[in-house]
Amino acid sequence: AGAYHILSQLFLFGLFEKYMYDEPTEAERELSRQVQRDWTAFAKGEPLDNWKPYANGRDPVLHLDTPSALRTDGDPPQCDFWDAVESNTR
C-alpha cells in the first residue's frame, strides 16, 4: 500500500478528475493549492517557509499535509544512504 508515483500529479496540477480518484475533500484541495504555491515559488527561486536546505545529519523530511511541516523523524536508514552518497561525491 502507500502512495503511488502519479499521485503527486493530482495535487501538483489539480487534476483530480483525470485519474480514478474519489471526489477530493476540501483538505485535499487545500493541499493541492499549497503544493502549487510551493512549486511555483521554488521555480521562481523564492524561499519556502516550510522547507529549508538539506543539512547532512539533520535528516529533515517535508510532510505534506495541511499544514505541511518540516520534521526530523523520517526514515534514518534511507537518509543515511544519501548522506553516504553526498560524502562520496566530494
Sequence neighbours excluded, which residues qualify as side chain to side chain contact (heavy atoms under 4.5 Å, CB included) partners of [X]?
X	value
A27	T25, T66
S32	F11, F16, Q36
L12	V35, W39

Next on the checklist: Set out, in order, the CA-CA distance, both residues' side-chain angles and the distance that settles side-chain contact (heavy atoms from CB on, under 4.5 Å) for E23 and E28, then state yes or no.
Outcome noted: CA-CA 10 Å; E23 183 65 27; E28 290 168 327; over 6 Å; no
Item to check | side-chain hydrogen bond (donor to acceptor under 3.5 Å, both in side chains) partners for R33, two or more places apart | outcome: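 In terms of side-chain hydrogen bond (donor to acceptor under 3.5 Å, both in side chains), with neighbours along the sequence ignored, R33 is linked to E26, E30.
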Item to check | Heavy-atom side-chain proximity of L31 to Q34 below 4.5 angstrom | outcome: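 Touching, per the 4.5 Å side-chain cut-off.
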